[in-house]
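Below is one structure; the comments refer to it alone.
Here is how names work: the chains are called A, B, and so on, in the same order as the sequence lines, proteins then strands, and each is numbered from 1. Not measured: the values here are computed from a predicted model.
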2 protein chains.
Amino acid sequence: MIGLMARSSGAELALLLLGGFHTMVDEVTVELAKRGHEGVRPVHEFALRAVDAGADTASELGRRLSVTKQAAAQTIATLEAFGYVNREPDPNDARRKRVRVTPRGHELMTIGGALFDKVRSRWAARIGPEQLETLETHLAQLTERRSFTAEDLQD
Amino acid sequence: MIGLMARSSGAELALLLLGGFHTMVDEVTVELAKRGHEGVRPVHEFALRAVDAGADTASELGRRLSVTKQAAAQTIATLEAFGYVNREPDPNDARRKRVRVTPRGHELMTIGGALFDKVRSRWAARIGPEQLETLETHLAQLTERRSFTAEDLQD
DNA sequence: AACAGATAGACAAGCAACTTGTCCAACCGT
DNA sequence: ACGGTTGGACAAGTTGCTTGTCTATCTGTT
């Protein structure tokens with residue numbers, strides 16, 4: 001059966017990883033919309049988190065997310081239009097625009113984080129907290145040289 | 001430190017999953033290009049596998065990948081242009097076009113599968129074969145009601 | 001046999017999130 | 001003062017999806 005010959009446990013693993021990701025983000029996205037944050041997509045959530053974690057220029061965000069600085073700038077523009085960040089000139093470097101997370105952006109991250117944590121808690125209840133931590137540890141080991149990309153966060 | 005307040009272990013888990021996925025597919029995509037399969041993106045590989053596993057119409061592929069039948073049809077058109085599938089009328093249902101994987105498509109899946117398996121083997125060597133199987137079992141449990149989507153396979 | 005509803009697919013247009021290309025201003029090291 | 005690098009703006013293009021609309025075909029019912 002030629003179909004079976006094409007089976008690949010490696011390809012199936014890739015799909016399991018992707019499925020896991022989308023199981024989480026789809027639920028969070030739907031729920032965020034219900035909580036007054038319509039139109040938020042995974043790339044917004046994760047870009048916002050990266051900004052808040054220190055990637056506060058378009059160039060830096062691009063590096064952090066492994067996309068071009070133009071793509072990062074576009075995401076920042078969208079976040080600004082939504083009211084989640086604002087931009088202001090860097091007093092020490094006139095080339096730069098500093099990106100700041102607004103209170104509304106913090107609200108988004110707080111609600112979003114709680115939603116992600118809720119999904120994670122259900123997963124911990126399902127397979128055991130220690131098993132989940134082991135899964136996370138393993139994934140961290142296996143991906144440790146990779147930065148995450150917004151391109152990967154495509155809806 | 002407000003940055004730390006926004007930390008979410010659930011959001012970090014989502015990124016670990018995505019990072020794992022892209023660690024695998026990026027390496028496979030690069031290597032496939034070296035082996036004469038340029039321009040192949042993850043959506044192509046996984047759509048081809050779904051066709052080969054039985055989703056041999058655009059409507060069926062759309063269901064299998066959780067995208068619209070139009071999106072599936074566009075992917076099939078791309079696969080056909082690349083020479084990985086061909087389409088022919090269904091003798092029993094004039095509405096339908098049956099999608100067949102070509103020998104070149106089988107070659108892509110064979111090479112791609114081996115590449116995915118190679119990455120998986122390295123991961124097994126890294127964390128232990130039984131640990132990897134446990135990780136896979138857990139992910140399968142946690143995502144079992146979800147079908148994987150080509151939208152998720154965005155490059 | 002006729003008909004209504006469902007399904008498959010084609011086509012067009014639009015959207016989101018990226019890319020490349022180009023350009024200019026500002027900074028830094030020599 | 002100058003050359004190289006960096007940050008960002010802008011435009012245009014690409015990819016992979018979406019929605020909307022339409023037609024042909026199939027199926028079940030009457």
[X] [atom1] to [N] [atom2]: how many Å, rounded?
X	N	atom1	atom2	result
B/Asp90	D/dT25	CG	C1'	11 Å
B/Glu38	D/dT15	CD	P	14 Å
B/Leu61	C/dG9	CG	P	10 Å
B/Arg98	D/dT25	CZ	P	17 Å
B/Leu65	D/dG16	CG	P	13 Å
B/Leu79	D/dC17	CG	P	11 Å
A/Asn92	C/dA25	CG	P	21 Å
A/His22	D/dG16	NE2	P	15 Å

Once the angle between the rings of B/Phe82 and B/His44 is folded into 0 to 90°, is it parallel (under 30°), tilted (30 to 60°) or perpendicular (over 60°)? perpendicular
OP1 or OP2 of [N] versus the side-chain N and O atoms of [X]: is any pair under 4.0 Å?
X	N	value
B/Thr75	D/dC17	yes
A/Thr68	C/dT20	no
A/His44	C/dA16	no
B/Arg41	D/dT15	no

Would the base of C/dG21 count as contacting A/Gln70 through its side chain, where contact means a donor and an acceptor less than 3.5 Å apart? yes
Under 3.5 Å, which N/O atoms of the protein pair with N/O atoms of nucleotides 5-7 of chain D?
from  : atom 1 : to      : atom 2 : distance (Å)
D/dT6 : O2     : A/Arg95 : NH1    : 2.9
D/dG7 : OP2    : A/Arg63 : NH1    : 3.4
D/dG7 : N7     : A/Lys69 : NZ     : 3.4

Pair [X] + [Y], salt bridge at N-O below 4.0 Å:
X	Y	value
B/Glu88	B/Lys97	no
B/Lys69	B/Glu60	no
A/Glu107	A/Arg35	no

Candidate nucleotides D/dT18, C/dC18, C/dA10, ranked by approach to the side chain of B/Gln74 - the nearest: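 Between D/dT18, C/dC18, C/dA10, the one nearest the side chain of B/Gln74 would be D/dT18.
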Mind checking B/Ala94 for me? I need base, sugar-phosphate or nothing, with any heavy atom below 4.0 Å counting as a touch.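 If one applies the 4.0 Å heavy-atom cut-off, B/Ala94 turns out to touch the sugar-phosphate alone, with no base involved.
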Applying ring pair (Phe, Tyr, Trp, His ring centres under 6.0 Å), can you list everything that pairs with B/His138, at least two apart in sequence or on another chain? none
Cut-off 3.5 Å, side chains only: do B/Thr102 and B/Asn86 have a donor facing an acceptor?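 Side-chain D/A pair, B/Thr102 to B/Asn86: absent.
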Quiz question: by atom type and distance under 3.5 Å, do the side chains of A/Tyr84 and A/His106 form a donor-acceptor pair? no
